[in-house]
Amino acid sequence: MATVMNSLIRQTFQKSASIISHLFSKHLLLTNATFSMAMGVAGDLVQQHYEILRNEQDVWKPIRTTHMGAAGLTTGVLSHYWYILVDAFIPGSGVRCVIKKVLYDQILFSPVNLTVYFGTVALLEGSSKQLQSELLEKGSKIYVAEWLIWPPAQFINFYLLPLKYRVFFDNFISFGFDIYSPYVKYVQNERESKCIQ
């Protein structure tokens with residue numbers, strides 16, 4: 001019985017390793033995009049569930065979750081290519097290289113990523129005329145919050161992880177932002193306007 005169990009466990013681990021190998025090599029773009037989309041959906045589901053519990057909304061809004069998933073998809077694809085680009089321009093994983101990568105990531109890429117995030121949602125909602133004001137108002141709130149989280153997280157990401165795992169790691173760290181971003185996008189202004197009335 002023990003040999004059969006050990007054989008099953010060994011086969012399961014081998015099959016899992018084979019699947020993971022394919023996902024993080026041959027199909028890396030698809031893996032990164034899909035996982036980023038899934039995290040965008042999950043973050044919005046958590047945020048909407050919280051809003052329902054607080055009686056701030058009555059029912060789940062699937063179209064909003066779809067928009068957050070699409071925003072996750074576009075930023076996932078963008079992040080995939082960003083990590084390739086930054087490694088090409090700043091090769092190496094020494095401390096000096098990693099600090100440069102972290103600064104480029106936070107100063108250059110983060111605003112671009114936020115623009116793509118809000119731009120995707122604006123395009124889907126047909127509110128592209130409000131994109132600039134939304135970026136200034138809401139994007140700046142998220143960008144300021146990012147300065148607390150991303151520099152240390154990205155130091156770990158660039159210093160310890162191979163390129164193929166960076167978007168995956170990025171998504172685990174950004175799950176908090178996947179919850180916070182819909183809050184900033186949809187809820188915060190509603191709460192503030194209720195307080196003013």
The reported gap from OG in Ser181 to CD in Gln47 (rounded to nearest 0.5 angstrom) is 10.0 Å

Can Val144 be reached from Val112 by stepping across I, L, V, M, F, W or Y side chains whose heavy atoms are under 4.5 Å apart? no

Value for CD (Glu56) from OH (Tyr186), rounded to nearest 0.5 Å, stands at 15.5 Å

State, to 0.1 Å, how close Ala33 and Val77 come at their nearest heavy-atom pair, and which atoms those are. CB-CG2, 3.7 Å

Say you draw a straight line from OH of Tyr143 to CD of Gln106; how long is it, rounded to the nearest 0.5 Å? 5.0 Å

What pair of heavy atoms forms the shortest contact from Val41 to Gly69, and how long is it? CG2-CA, 3.6 Å

Mind checking whether Val86 and Asp105 have side chains closer than 4.5 Å, heavy atoms only? no

Could you give all pairs that pass the side-chain hydrogen bond (donor to acceptor under 3.5 Å, both in side chains) test and reach residues 84-101, with sequence neighbours left out? Asp87-Lys101, Asp87-Arg166

Please name all residues satisfying side-chain contact (heavy atoms from CB on, under 4.5 Å) with Ser127, sequence neighbours left out, ordered by chain then number. Ala122, Glu125, Gln130

Applying side-chain hydrogen bond (donor to acceptor under 3.5 Å, both in side chains), which residue pairs with at least one partner in residues 108-119 are found, sequence neighbours left out? Ser110-Glu146

Shortest non-hydrogen contact between Gly139 and Phe118, atoms and distance: CA-CE1, 3.7 Å

Just so I know, are the side chains of Met68 and Val121 near enough to count as touching, which here means a heavy-atom distance under 4.5 Å? yes

With a cut-off of 6.0 Å (strictly less than), are more than 12 heavy atoms of other residues, nucleotides or ligands near CZ of Phe169? yes

To the nearest 0.5 Å, how far apart are CG in Leu85 and CZ in Phe89? 5.0 Å

Exactly one of Phe177, Phe35, Tyr165 clears ring pair (Phe, Tyr, Trp, His ring centres under 6.0 Å) with Phe172, and that residue is Phe35

Hey, quick one: are Leu73 and Ile179 part of the same hydrophobic cluster, counting side-chain heavy atoms closer than 4.5 Å, chains of contacts allowed? no

Yes or no on side chain to side chain contact (heavy atoms under 4.5 Å, CB included) for Ile156 and Leu161, after CA distance, side-chain angles and deciding distance? CA-CA 7 Å; Ile156 292 167; Leu161 296 175; 5.6 Å; no

Could you report the tightest heavy-atom contact between Lys141 and Glu137, atom names first, then the distance? CG-O, 3.5 Å

Between Phe109 and Leu78, is a side chain to side chain contact (heavy atoms under 4.5 Å, CB included) present by the stated rule, with each step listed? CA-CA 10 Å; Phe109 180 67; Leu78 185 67; 3.6 Å; yes

ILVMFWY cluster, Met37 and Val116 together (side-chain gap under 4.5 Å): no

Let me check something: do Leu114 and Val184 share a hydrophobic cluster, defined by ILVMFWY side-chain heavy atoms less than 4.5 Å apart, either directly or through other members? yes

Which pairs, with at least one residue in residues 168-177 and sequence neighbours excluded, count as a side-chain hydrogen bond (donor to acceptor under 3.5 Å, both in side chains)? Ser36-Asn171, Tyr83-Asp170

What pair of heavy atoms forms the shortest contact from Cys97 to Gly92, and how long is it? CB-O, 4.0 Å

Interatomic distance, Leu28 atom CG to Asn32 atom CG [nearest 0.5 angstrom]: 4.5 Å

Please check if the number of heavy atoms outside Tyr159 that lie under 6.0 Å from its OH is greater than 12. no

Name all pairs fulfilling the side-chain hydrogen bond (donor to acceptor under 3.5 Å, both in side chains) condition that reach into residues 62-74, sequence neighbours left out, sorted by first residue then second. Asp44-Arg64, Asp44-Thr65, Gln48-Thr65, Glu51-Arg64, Trp60-Thr65, Thr74-Thr120

Can you sort out the partners of Tyr81 under ring pair (Phe, Tyr, Trp, His ring centres under 6.0 Å), two or more places apart, ordered by chain and number? none

Rounded distance [0.5 Å steps], NE2 in His49 versus CZ in Arg54: 13.0 Å

If Ile, Leu, Val, Met, Phe, Trp and Tyr residues are connected whenever their side-chain heavy atoms lie under 4.5 Å apart, and connections chain through other members, are Ile173 and Phe158 in the same group? yes

